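Each remark here refers to the structure printed beneath this line.
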Amino acid sequence: MPEFQSVRGFHDLIGEEAKKFRAVCDLIKRKLALYNFEEIVLPVVEFLEVFQRSIGEATDIVQKEMFAFQDKKGRWLALRPEGTAGAVRAYVQNRLYAIKPYAKLFYEGPMFRHERPQAGRYRQFHQIGAEVFGSIEPVVDAEVIHLVHEILSELNLKAVIEINSIGCKVCRPDYREALKQHLNKVEGQLCEVCLDRKDRNPLRVLDCKVPTCKEAVRDAPKMVDFLCNECREHYSKLKEYLTALSVPFQENPHLVRGLDYYTKTVFEAVSTELGITLIAGGRYDYLVEELGGPPTPAIGFAAGVERLYMLLKEIQPEEPLYMVIPFGDVVDYALLVVKALRSEGKRVELSYKRAGLKKQLELANKLGCRYAVLIGEEEKEGGFYTLKDMETGQQVRVEFTPAL
RNA sequence: GAGAGCGUAGCUCAGCUGGCAGAGCAGUGGACUGUGGAUCCACGGGUCGCGGGUUCGACUCCCGUCGCUCUCCCCA
């Protein structure tokens, strides 16, 4: 056991893992650019209240998963547990609503949640999130979910996209009541946690995994049957558009999200392989106003980078690697060859091992080089280098005149 | 917050009902100082997670502790 170790739930990404991590980020960012999302670089720390107000006081994230601390003036700050709250705060603070009719923003970076680590769950993890502010049109929801679908299929990951509508200020209270009444009837079957949730946050009972709760909730009234005209219309338009786009989706009337700010559309992309959520999001039409901005409908999603890259099988092969091998008193000449090759855009490793040709070829092999560039006295004097193909073993003489 | 499993070489792991700490891979060196890949030979490498207990003797048994992994809760 080493004397110093990384903190629980905080990990180093090395070699292949780091490459996969980058591959996922790069792909998603390329996609976001095609949809014309603009990057916003956000702080990792916000005032605690930003999260309490947006995520919701009663949620697990706020109640027990935040890295919260006081600064020197005694103000409560927190490491961000998710990105939307900060994005909304920035949108309001910088009055982005005054610049364009609507805004499409994305962010990436680490998020922090103080919970027990396990497969696909870390205390520091990374998300790439995107938010659209300022449009209530269901076509926006469709575009966002389409984007999620494209990301998944380009990464070659199998997942089902589940969607639901959880209504708005107008219709949700009625549903809540109806659901509560149903839950009271089946009280006896509910687990301990759900008994507590029943009055505080009855919707959450819907996606409890305890078998008896699932049973109890089977015949519960469904939100979709209680939607007001506006929400019903919104939801059916969304489905219509998704179908037109050939985005496969599955309606899940029990899909509820753990954050309070959601309204209308919610969705989740669940890995068929691992059963964990890869990408999730939804509409949050009151949050901007809640954080002090003008009434502004919005929708967004967040992709869990670790969860995506851990499922990645293969990544793009890298550029072929050249190793320049000087043997004898020819380092000065070798340096010029290295410089010239790199200026041609080639990926070049100069051998840092002072040894004979044999040892250095071994090294080139270990580092996975495609080509070795052999440089001895002969090459230096003759003004050339010997290019060796490490796969075929063939060698060619390449004339070389150092640029001045 | 609740539960389970595991900590032995850089890595993967053996090590029996207590009796000298092991293998494979990796690494380093070498007949070969201008030719590599699964050729051969040699070598280095350990607080057996840590602390205590039982014992003539503990990697092994017991207690504690720390760490890792996984599951539940919840979530990306």
Side-chain angles (χ1 to χ4, degrees), chain A residues 1-9 11 24 28 55 58-65 80-84 108-129 148 151 159 191-194 196-197 201 204 207-210 213 256-259 267-271 274-282 300-311 323 325-330 351 353-380 386-395:
Chain A
M1 194 98 337
E3 186 179 359
F4 292 108
Q5 247 185 300
S6 64
V7 176
R8 183 203 290 270
H11 293 283
V24 168
I28 295 177
I55 297 166
T59 58
D60 281 12
I61 292 179
V62 165
Q63 279 189 347
K64 47 190 204 202
E65 293 175 3
R80 61 180 180 189
E82 57 103 46
T84 300
E108 70 165 334
M111 306 293 162
F112 305 86
R113 290 186 201 172
H114 196 272
E115 52 190 338
R116 218 42 182 263
Q118 53 183 282
R121 167 177 305 179
Y122 312 98
R123 288 187 175 177
Q124 176 178 329
F125 60 101
H126 295 75
Q127 287 186 338
I128 298 187
V148 167
I151 290 170
C191 70
E192 215 171 292
V193 200
C194 283
D196 184 51
R197 286 201 275 240
N201 192 358
R204 286 279 306 111
D207 72 345
C208 183
K209 274 127 202 149
V210 177
C213 293
V256 179
R257 318 264 9 259
L259 291 71
F267 58 93
E268 217 167 284
V270 183
S271 162
L274 293 183
I276 55 173
T277 302
L278 269 18
I279 304 178
F301 72 84
V305 180
E306 283 83 353
R307 289 181 176 190
L308 291 169
Y309 92 72
M310 69 186 277
L311 287 163
M323 176 173 273
I325 298 175
F327 52 103
D329 185 21
V330 294
S351 167
K353 191 180 175 107
R354 219 182 52 192
L357 179 57
K358 193 183 179 70
K359 284 285 171 217
Q360 296 197 74
L361 277 170
E362 258 173 53
L363 178 67
N365 213 36
K366 274 170 197 155
L367 298 191
C369 298
R370 178 62 212 276
Y371 299 103
V373 175
L374 278 34
I375 296 173
E377 299 291 351
E378 222 179 285
E379 279 82 356
K380 180 179 175 180
T386 302
L387 181 65
K388 182 185 179 73
D389 185 320
M390 296 294 280
E391 276 170 29
T392 65
Q394 285 178 343
Q395 297 185 182

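Only heavy atoms go into these numbers, but all of them, side chains included; no hydrogens, no water, no symmetry mates. Keep in mind that what you see is a predicted model, and the values were worked out from it rather than measured. Residue numbers begin at 1 in each chain, while the letters A, B, ... track the order of the sequences.
- Between A:Arg116 and B:rC72, a side-chain N or O to OP1/OP2 separation shorter than 4.0 Å is absent.
- Nucleic acid contact for A:Leu278: sugar-phosphate only, since backbone atoms but no base atoms lie under 4.0 Å from a heavy atom of the residue.
- The gap from the C1' atom of B:rC56 to that of B:rA42 amounts to 40 Å, rounded to the nearest Å.
- Between A:His114 and B:rC74, a side-chain N or O to OP1/OP2 separation shorter than 4.0 Å is absent.
- Comparing atom distances between the A:Glu115 side chain and each of B:rC74, B:rG36, B:rG34 picks out B:rC74 as nearest.
- Put simply, CD1 on A:Ile276 is 11 Å from P on B:rC72, counting in whole angstrom units.
- The separation of B:rG5 from B:rA38, taken at their P atoms, amounts to 41 Å, rounded to a whole angstrom.
- Phosphate proximity of B:rU28 to A:Lys366: present, with a side-chain N or O under 4.0 Å from OP1 or OP2.
- Residue A:Glu65 contributes atom CD, which lies 14 Å from atom C1' of B:rC72 at whole-angstrom precision.
- Residue A:Leu374 is in base contact, counting any heavy-atom pair closer than 4.0 Å across all strands shown.
- Taking atom CE on A:Met390 and atom C1' on B:rG36, their separation rounds to 5 Å, with Å as the unit.
- Residue A:Phe327 and nucleotide B:rG34 are not classified as a stacked aromatic pair, given the requirement of ring centres less than 5.5 Å apart at an interplanar angle below 30°.
- The residue A:Glu378 sits close to a base: some heavy atom pair falls under 4.0 Å.
- Checking A:Glu306 against A:His126 by side-chain atom types alone, a donor-acceptor pair falls below 3.5 Å.
- In this structure, OH of A:Tyr371 is placed 17 Å from C1' of B:rG37, rounded to the nearest angstrom.
- Atom CD in A:Glu379 sits roughly 12 Å away from atom C1' in B:rU35 (whole-Å rounding).
- Across the protein-nucleic acid pair, A:Glu362 atom CD and B:rG27 atom P stand 9 Å apart, rounded to whole Å.
- Within 4.0 Å of A:Tyr122, counting heavy atoms only, lies at least one base atom of the nucleic acid.
- Within 4.0 Å (heavy atoms only), A:Gly393 reaches at least one base atom of the nucleic acid.
- Here the rule is side-chain contact (heavy atoms from CB on, under 4.5 Å) with A:Leu278, and of A:Leu311, A:Val270, A:Ile151 only A:Leu311 fits it.
- A:Gln127 has no side-chain polar atom (N or O) that falls below the 4.0 Å cut-off from OP1 or OP2 of B:rA76.
- Between the CZ atom of A:Arg354 and the P atom of B:rU33 there is a distance of 17 Å, rounded to whole Å.
- With RNA chain B read from its 5' end, the first of the two nearest nucleotides for A:Gly9 and A:Ala280 is the one closest to A:Gly9.
- Nearest nucleotide to the side chain of A:Gln395, out of B:rU28, B:rA76, B:rU35: B:rU35.
- A:Leu374 is not listed as a side-chain neighbour of A:Gln360, based on a closest heavy-atom distance of 4.5 Å or more.
- Phosphate proximity of B:rG36 to A:Lys358: present, with a side-chain N or O under 4.0 Å from OP1 or OP2.
- Along RNA chain B, the nucleotide nearest A:Ser6 and the nucleotide nearest A:Gly120 are compared for position; the residue whose nucleotide lies closer to the 5' end is A:Ser6.
- Put simply, CZ on A:Arg8 is 13 Å from C1' on B:rU65, counting in whole angstrom units.
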